[in-house]
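See below for the structure under consideration.
Keep in mind the model is a prediction, meaning the values are calculated, not measured. Residue numbers begin at 1 in each chain, while the letters A, B, ... track the order of the sequences.
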Amino acid sequence: MDWYRGRPHHIQYKWHEGFVAWLFHRITGLLLILYLFLHQWVISTLQNPSTFDATMKAVENPIFKLAEIGLWLVASYHAVNGLRVILVNFAGAAERSNYKGNVWIFWVVFAIVFVAGAIPMFMHL
Amino acid sequence: MALNVGDKVVFKIFRYDPEKDKAPYYKDYEVTITRTGMMVLDGLNQIKWEQDPTLTYRRSCREGVCGSDGMNINGVNTVSCMSHIEDYNSNVLTIKPLAGFPIIKDLVCDFEDFLNKYYVVKPYLIEKTPPPGRERLQSIEDRKKLDGLYECILCGCCSSSCPSYWADPDYLGPSAMLNAARYVFDTRDEGSDERLDAVNSVHGVWRCHTILNCISACPKELNPTKAIAELQKEILKRKY
Ligand code: SF4
Ligand code: SF4
Ligand code: FES
């Protein structure tokens, strides 16, 4: 009776679409929180014209632009998947007949949204 | 993969006797296919009756009615009496007890916590007005609303498959909430208020992250995710 819940060997479950979609949702959610703090910190450095110029110069760097595309990846996934979760809750997007297929549909939607947004960002790199 | 009479399938079974073993281990058994359409439970019985009587598991009805034999077979929860050995398309079946449940011995888990959560949702008819005449009649349409809810056999496969259930020891879990929905949407029942109060918490309907594991696990082909979503909607409709 001492083998209680939560033991790692005890918890191994077959991956499937919904599980993976949720895991990414968690990861992107945590990354967005992290970004929020970084964002606040960067803004807090904009106290006078000289630090403003220095910071702005830094964020004009292509590496920052690339990171921005990464941010778009994270944010667009979280937003599109969040929409799917809302549809699961309110519009029956998790019937037994469609619950896995719907995840794929949303992944395609996500890919389109991401690429559509990323192309102009790449062009301004 | 079609299996023929005489073929062998290896059952890799989780063994743990807390009185004797320091840690769980896996033991391999060879099951011989003796007829077509053998269920995983038939294989377990063959092992217990012919090879190793110490193997411990629960079963009773052997036809998907009693809910005794929920277990994890090749990574997915189900009741062993409803799963064909053939359907796993594999020569090896890895069989484990239900994740997230305390283990009593081998494949037998302790259901006390699971059933206590079931009682939290008051799984019985609550009456506030005297019945009209001799019994409470229900129209065919109203009865239909309970399809997909009343069939639950309390096997625990859904709750044990749920990452929220693993992570939050107080989470009521998909099974208890599907059973809450079974009464909330019953037109004869008058206890919705109490039941919705019981599930309206961070350990209730709002802990579900729509991971959908419970749908893929349920051997009775029910849909706990949908039942939880319906309860959420019902809570949003309430007036205070
Ligand atoms: S959909 Fe909800 S109840 Fe079902 S496995 Fe996921 S979190 Fe658990
Ligand atoms: S909802 Fe399905 S998986 Fe869950 S306890 Fe009931 S029958 Fe078992
Ligand atoms: S033995 Fe009764 S459900 Fe499997």
Next item on the list: Flag the one option from A:K14, A:H25, A:H16, A:R84 with the top tally of heavy-atom pairs under 4.5 Å to chain B.
Entry: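 Of the options given, most contacts go to A:H16.
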Notebook entry, point to check: Quick one: of B:I215, B:T225, B:L236, who has the most non-hydrogen atom pairs under 4.5 Å with chain A?
Noted result: B:I215
Need one label for [X]: side chain, backbone, both or neither, based on atoms under 4.5 Å from any heavy atom in chain B.
| X | answer |
| --- | --- |
| A:V103 | side chain |
| A:A21 | neither |
| A:E17 | neither |

Note to self: To check you understand the geometry: which heavy-atom pair defines the closest contact between A:A94 and B:N223, and what is its length?
What the structure shows: O-ND2, 2.6 Å
Next item on the list: Provide the closest heavy-atom pair for B:I211 versus A:W22 in the form atom of the first, atom of the second, distance.
Entry: CG1-CG, 3.4 Å
Looking at [X] and [Y], would you say the former's side chain and the latter's main chain have a donor-acceptor pair under 3.5 Å?
| X | Y | answer |
| --- | --- | --- |
| B:N213 | A:F19 | no |
| A:R96 | B:L222 | yes |
| A:Y13 | B:N77 | yes |

Report which part of [X] has an atom under 4.5 Å of a heavy atom belonging to chain A: side chain, backbone, both, or neither.
| X | value |
| --- | --- |
| B:N74 | backbone |
| B:E221 | both |
| B:S161 | both |
| B:N72 | side chain |

Other residues, nucleotides and ligands only: do more than 12 of their heavy atoms fall within 6.0 Å of [atom1] on [X]?
| X | atom1 | result |
| --- | --- | --- |
| B:Y25 | OH | yes |
| A:F24 | CZ | no |
| B:W206 | CH2 | yes |
| A:F90 | CZ | yes |

Checklist line | Interatomic distance, B:K226 atom NZ to A:N89 atom CG [nearest 0.5 angstrom] | finding: 13.0 Å
Item checked: Close side-chain approach of A:Y99 to B:S216, heavy-atom, < 4.5 Å -> yes
